[in-house]
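First up is the structure itself, then whatever we jot down about it.
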Amino acid sequence: MSGDTCLTAMCPASGAKPKTYSFKGGCLGNKYVRLNVGGSLYYTTVQVLTRHDTMLKAMFSGRMEVLTDKEGWILIDRCGKHFGSILNYLRDNTIALPKNRHEIKELMAEAKYYLIQGLVDKCQAALQDKNESYEAICNIPIITSQKEEEKLIESSAKPVVKLLHNRSNNKYSYTSNSDDNLLKNIELFDKLSLRFNGRVLFMKDVIGDEICCWSFYGQGRKLAEVCCTSIVYATEKKQTKVEFPEARIYEETLNVLLYETPRVPDNSLLEATSRTRSQASHSEDDEGFELRDRVRRIHVKRYSTYDDRQLGHQSAYRD
């Protein structure tokens, strides 16, 4: 029977009013008493209720008046959600606290109302521990050497996305929007690392030679690179320009998700993600050799940084 149903049964519409009297607990000894705490019903003994020097001891030792209904239920106008935990603490002087921080606060509020100082101290200690200990949602390795980077990429069973950003690498002054775009790249990296945490290994490099550059790896190989910097001319002097190619970064990040496979060369996957298809039919041996050669050239082309255009017209990122 739920608490609401019990309340309806105990408080009929006849207009019966609860009675107030001083509770003579000493005459009951270990006999059970019936408690209605905010609609939740509990059975316990006076001995448990008077074991500690609390408000409940004052209520059930005759020092305070208690309110009862016509059926003999003792009414306590508090939320009954945690009253079972209160009783357990009074019985055993210990309790298993809730794991949820909010529920610990609720229990502590009830303990303060009933003046159970030992339980209040226990709740406060648990809340302090939860403040000092936390679990990281996402761990981002910071690259400190080339050897460390290679080891991380080779040992990872996941695709890898690396952001290299090092503002101090610049030899020239920055264009007006470069600082904002650099921060946008870093912000996007943080968003992607949270969005694809567990599926992709994200890492940062702050000691590389570039100013802002994204690299994408799958199955231990470099698949693509998006360099966000270029040199431009303005009023007869060179300036460094940092751009924010958001769509390209999203595209390459989604592409590396195709490599969420075991560390085994997957020719069918590499063929599906290549940019050209073979037009002629060959034997199985020739076809396998041509596929490997085609994939190699495609990947080299995708992250090649060579650009033979004039410096003033250089693209903000390389393809």
Side-chain angles (χ1 to χ4, degrees), residues 134-232 234 237-257 259-260 263 299-307 311 314-319:
Y134 62 92
E135 293 184 3
I137 298 176
C138 181
N139 294 312
I140 306 295
I142 303 296
I143 302 303
T144 58
S145 68
Q146 183 67 28
K147 185 178 292 186
E148 180 186 16
E149 176 183 341
E150 293 173 357
K151 185 176 179 181
L152 281 171
I153 294 172
E154 290 175 1
S155 61
S156 176
K158 307 172 186 176
V160 178
V161 174
K162 183 189 77 171
L163 173 62
L164 189 164
H165 65 92
N166 191 346
R167 193 179 186 280
S168 61
N169 282 335
N170 186 27
K171 298 179 180 179
Y172 315 106
S173 62
Y174 284 101
T175 58
S176 58
N177 294 328
S178 291
D179 284 332
D180 287 342
N181 286 335
L182 182 60
L183 290 176
K184 287 179 181 179
N185 278 280
I186 297 173
E187 249 181 34
L188 179 58
F189 179 86
D190 293 339
K191 290 179 181 178
L192 291 175
S193 62
L194 290 173
R195 172 65 180 83
F196 297 107
N197 179 39
R199 299 179 64 186
V200 177
L201 173 63
F202 289 86
M203 57 188 186
K204 282 187 178 181
D205 184 351
V206 294
I207 61 173
D209 297 330
E210 294 283 353
I211 295 172
C212 183
C213 184
W214 296 72
S215 300
F216 303 86
Y217 302 84
Q219 296 181 357
R221 294 192 295 173
K222 192 172 188 179
L223 305 174
E225 183 177 89
V226 179
C227 186
C228 305
T229 57
S230 60
I231 304 298
V232 297
K237 67 176 182 179
K238 293 181 180 179
Q239 284 188 309
T240 300
K241 182 179 182 181
V242 179
E243 294 201 10
F244 178 50
E246 183 177 15
R248 175 70 184 277
I249 295 167
Y250 269 112
E251 177 189 353
E252 298 297 347
T253 303
L254 294 176
N255 282 341
V256 299
L257 292 177
Y259 292 82
E260 289 183 289
R263 187 62 62 83
H299 285 172
V300 168
K301 182 180 177 182
R302 290 182 69 189
Y303 67 82
S304 172
T305 58
Y306 176 75
D307 193 342
L311 190 59
Q314 187 172 349
S315 175
Y317 55 88
R318 307 168 189 135
D319 189 354

Salt bridge check, [Y] against [X]: does any charged N sit closer than 4.0 Å to a carboxylate O?
{"X": "K162", "Y": "E149", "answer": "yes"}
{"X": "D190", "Y": "K204", "answer": "yes"}
{"X": "K241", "Y": "E243", "answer": "yes"}

Run the numbers on H165 and L182 for side chain to side chain contact (heavy atoms under 4.5 Å, CB included), then give the verdict.
CA-CA 8 Å; H165 65 92; L182 182 60; 4.2 Å; yes

Heavy atoms, side chains only, cut-off 4.5 Å: are [X] and [Y] in contact?
{"X": "T253", "Y": "F196", "result": "yes"}
{"X": "E260", "Y": "L257", "result": "yes"}
{"X": "V160", "Y": "V256", "result": "no"}
{"X": "V242", "Y": "I211", "result": "yes"}
{"X": "I231", "Y": "T240", "result": "yes"}
{"X": "F202", "Y": "L192", "result": "yes"}
{"X": "K147", "Y": "K151", "result": "no"}
{"X": "C228", "Y": "P245", "result": "yes"}

Rounded to the nearest 0.5 Å, how far does [atom2] of [Y] lie from [atom1] of [X]?
{"X": "E150", "Y": "S145", "atom1": "CD", "atom2": "OG", "result": "8.5 Å"}
{"X": "L201", "Y": "S156", "atom1": "CG", "atom2": "OG", "result": "4.5 Å"}
{"X": "N166", "Y": "D209", "atom1": "CG", "atom2": "CG", "result": "8.5 Å"}
{"X": "Q239", "Y": "S176", "atom1": "CD", "atom2": "OG", "result": "8.0 Å"}
{"X": "K191", "Y": "I186", "atom1": "NZ", "atom2": "CD1", "result": "13.0 Å"}
{"X": "N181", "Y": "L183", "atom1": "CG", "atom2": "CG", "result": "9.0 Å"}

Exercise: do N177 and T175 side chains pair donor with acceptor under 3.5 Å:
no

Could you pull out the closest heavy-atom pair between [X] and [Y], with the gap in Å?
{"X": "T229", "Y": "C212", "value": "CG2-N, 3.8 Å"}
{"X": "Y217", "Y": "K222", "value": "CD2-CA, 3.5 Å"}
{"X": "L188", "Y": "I249", "value": "CD2-CG2, 3.8 Å"}
{"X": "C227", "Y": "E210", "value": "SG-OE1, 3.6 Å"}
{"X": "I207", "Y": "D205", "value": "N-OD1, 3.0 Å"}
{"X": "K158", "Y": "R199", "value": "CB-O, 3.6 Å"}

Has [X] got a side-chain atom pairing as donor or acceptor with [Y]'s backbone, closer than 3.5 angstrom?
{"X": "S193", "Y": "F189", "result": "yes"}
{"X": "E148", "Y": "T144", "result": "yes"}
{"X": "Y259", "Y": "L223", "result": "no"}

Can you list the steps and then say if D180 with F244 is a side chain to side chain contact (heavy atoms under 4.5 Å, CB included)?
CA-CA 9 Å; D180 287 342; F244 178 50; over 6 Å; no

